[in-house]
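Written out below as structure tokens is the structure these notes cover.
Numbering of residues begins at 1 and proceeds along the displayed sequence.
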Amino acid sequence: MRFFRVTTGVFQAHTYFLICEQTRQTLVIDPGEEFDAIADAIQKERLDVVRIVVSHAHLDHFWSAGALREMTGAPIHLHPADDFLYTQLPEQGSWFGFDLEDAPPVEVYLKDGDVLTFGRAQVRVRHVPGHSPGHVMLYNETDAWVGDCLFASSVGRVDLPGGDGPTLINSIEERIVTLGEHYRIHPGHGPSTTVARELDDNPFLTGRLPGLSRR
């Protein structure tokens, strides 16, 4: 399996393309704002998109889910705890001055422990709430795509609907860090990092911020 990302829009959110190199079947994570850039990448790489996974239902992470569903026929995947956000795409758009239509229905509801196969490749699903109630990450033996839970030297915000700070820190410490220090972490915004680097440098995990400690 190989992967790459495209960064789009005013939010500079990452859309990830996870590709089975033998079959070209592809899992897309978080189709963002600029659908033309996403479609161009699919056509240039000759990808066969078979799954669309929304890590969490903030608008910058599923803005183009409907257009991608229409283009590819691939089903949209989401954790049910974020359904209330997913159905509010027009309202979310209005917060930022965008006129958006409803997203198409979710076809696959994810749960913790699911295995998603595309061609001969697969990734696992882990529920990591806190940034939003239904946030999920995907991971294999070496890499984790963590959405807006964990960033290089920071963590996701918790002041949006459904956010909860203690729950987020628990998800990071108990569900992401425990993957192992060798894991490469690919967030929804900004540069990739590693578990080892964040355990050394991230103030939310090292105890340099009040009330939080490394475990």
Interatomic distance, Ile19 atom CD1 to Glu21 atom CD [nearest 0.5 angstrom]: 7.5 Å
side-chain contact (heavy atoms from CB on, under 4.5 Å) between Asp164 and Val158, worked out: CA-CA 5 Å; Asp164 183 86; Val158 293; 5.9 Å; no
Non-neighbouring partners of Asp48 that pass side-chain contact (heavy atoms from CB on, under 4.5 Å), sequence neighbours left out: Gln25, Val50
Close side-chain approach of Asp200 to Thr206, heavy-atom, < 4.5 Å: no
Residue pair Val195 / Val177, side-chain heavy-atom distance below 4.5 Å: yes
Note, Trp63 side chain near Leu100 side chain (heavy atom, < 4.5 Å): yes
Nearest-0.5 Å distance that lies between atom CG in Leu179 and atom CD1 in Ile185: 6.5 Å
Stepwise side-chain contact (heavy atoms from CB on, under 4.5 Å) check, Met71 with Gln43: CA-CA 11 Å; Met71 173 187 176; Gln43 292 166 352; 3.9 Å; yes
Joint cluster assignment, Leu116 & Met1, ILVMFWY side-chain distance < 4.5 Å: yes
Main-chain N/O of Arg157 paired with His131 side-chain donor or acceptor, under 3.5 Å: yes
Counterpart residues, side-chain contact (heavy atoms from CB on, under 4.5 Å), relative to Asp143 (two or more places apart): Phe3, Asn140, Trp145, Arg184, His186
Leu59 and Phe11, any side-chain heavy atoms less than 4.5 Å apart: yes
Lys/Arg N to Asp/Glu carboxylate O, Asp114 vs Lys111, below 4.0 Å: yes
Contact list for residues 86-100, test side-chain hydrogen bond (donor to acceptor under 3.5 Å, both in side chains), sequence neighbours left out: none
Atom pair CD (Glu174) and CZ (Arg126), whose distance is rounded to the nearest 0.5 Å: 10.5 Å
Same cluster (ILVMFWY, side-chain, under 4.5 Å), Ile29 and Val123: yes
Least distance between heavy atoms, Ala74 atom then Ile52 atom: O-CD1, 3.6 Å
Taking every non-hydrogen atom, the tightest pair across Glu181 and Leu199: OE2-CD1, 3.6 Å
Main-chain N/O of Ser154 paired to Asn202 side chain as donor or acceptor, under 3.5 Å: yes
Side-chain (Arg24) to main-chain (Val49) donor-acceptor, under 3.5 angstrom: no
Pairwise side-chain contact, Pro161 with Leu85, heavy-atom cut-off 4.5 Å (strictly under): yes
side-chain hydrogen bond (donor to acceptor under 3.5 Å, both in side chains): pairs with one or both residues in residues 26-40, sequence neighbours excluded: Asp30-Ser55, Asp30-His61
Centroid separation Phe4 to Tyr16 less than 6.0 Å: no
Donor-acceptor pair, side chain of His189 and main chain of Asp148, under 3.5 angstrom: no
Backbone of Arg197 reached by a side-chain donor or acceptor of Thr194 within 3.5 Å: yes
Ring-face cation of Arg5 near Phe17 (centre distance under 6.0 Å, axis angle within 45°): no
Ring centroid separation His127 to His79 under 6.0 Å: yes
Distance, nearest 0.5 Å, that separates CG of Leu168 from CZ of Arg175: 13.5 Å
Test: Arg2 and Glu45 ion pair at under 4.0 Å: yes
Other residues, nucleotides, ligands: >12 heavy atoms within 6.0 Å of Gln22 CD: yes
Residue pair Met137, Ile176: steps toward the side-chain contact (heavy atoms from CB on, under 4.5 Å) verdict: CA-CA 9 Å; Met137 58 175 273; Ile176 299 178; 3.5 Å; yes
Under 3.5 Å donor-acceptor, Tyr183 side chain and Ala196 backbone: no
Interatomic spacing from CG in Leu47 to CD1 in Ile38 - rounded to 0.5 Å: 12.0 Å
Flag side-chain contact, heavy atom, 4.5 Å: Ser171 against Cys149: no
Contact check, side chains of Ile76 and Val54, non-hydrogen atoms, under 4.5 Å: yes
Side-chain donor/acceptor of Thr15 to backbone N/O of Gly32, under 3.5 Å: yes
Co-membership, hydrophobic cluster, residues Leu160 and Ile172, 4.5 Å side-chain: no
Nearest non-hydrogen partners of Pro187 and Ser192, listed with the distance: CD-CA, 3.9 Å
Residues in side-chain contact (heavy atoms from CB on, under 4.5 Å) contact with Pro75, at least two apart in sequence or another chain: His77, Glu107, Val108
side-chain contact (heavy atoms from CB on, under 4.5 Å) evaluation trace for Glu173 with Leu205: CA-CA 8 Å; Glu173 294 189 335; Leu205 304 181; 4.0 Å; yes
Distance, nearest 0.5 Å, that separates CG of Leu27 from OG1 of Thr117: 10.0 Å
In one Ile/Leu/Val/Met/Phe/Trp/Tyr side-chain cluster, 4.5 Å: Leu89, Val53: no
Side-chain heavy atoms of Val28 within contact of Arg51, under 4.5 Å: no
ILVMFWY cluster, Phe151 and Tyr139 together (side-chain gap under 4.5 Å): no
Closest contact, heavy atoms only, Cys20 versus Thr23: SG-OG1, 3.2 Å
Side chain to side chain donor-acceptor pair (under 3.5 Å) partners of Asp82, counting only residues at least two apart: Ser132
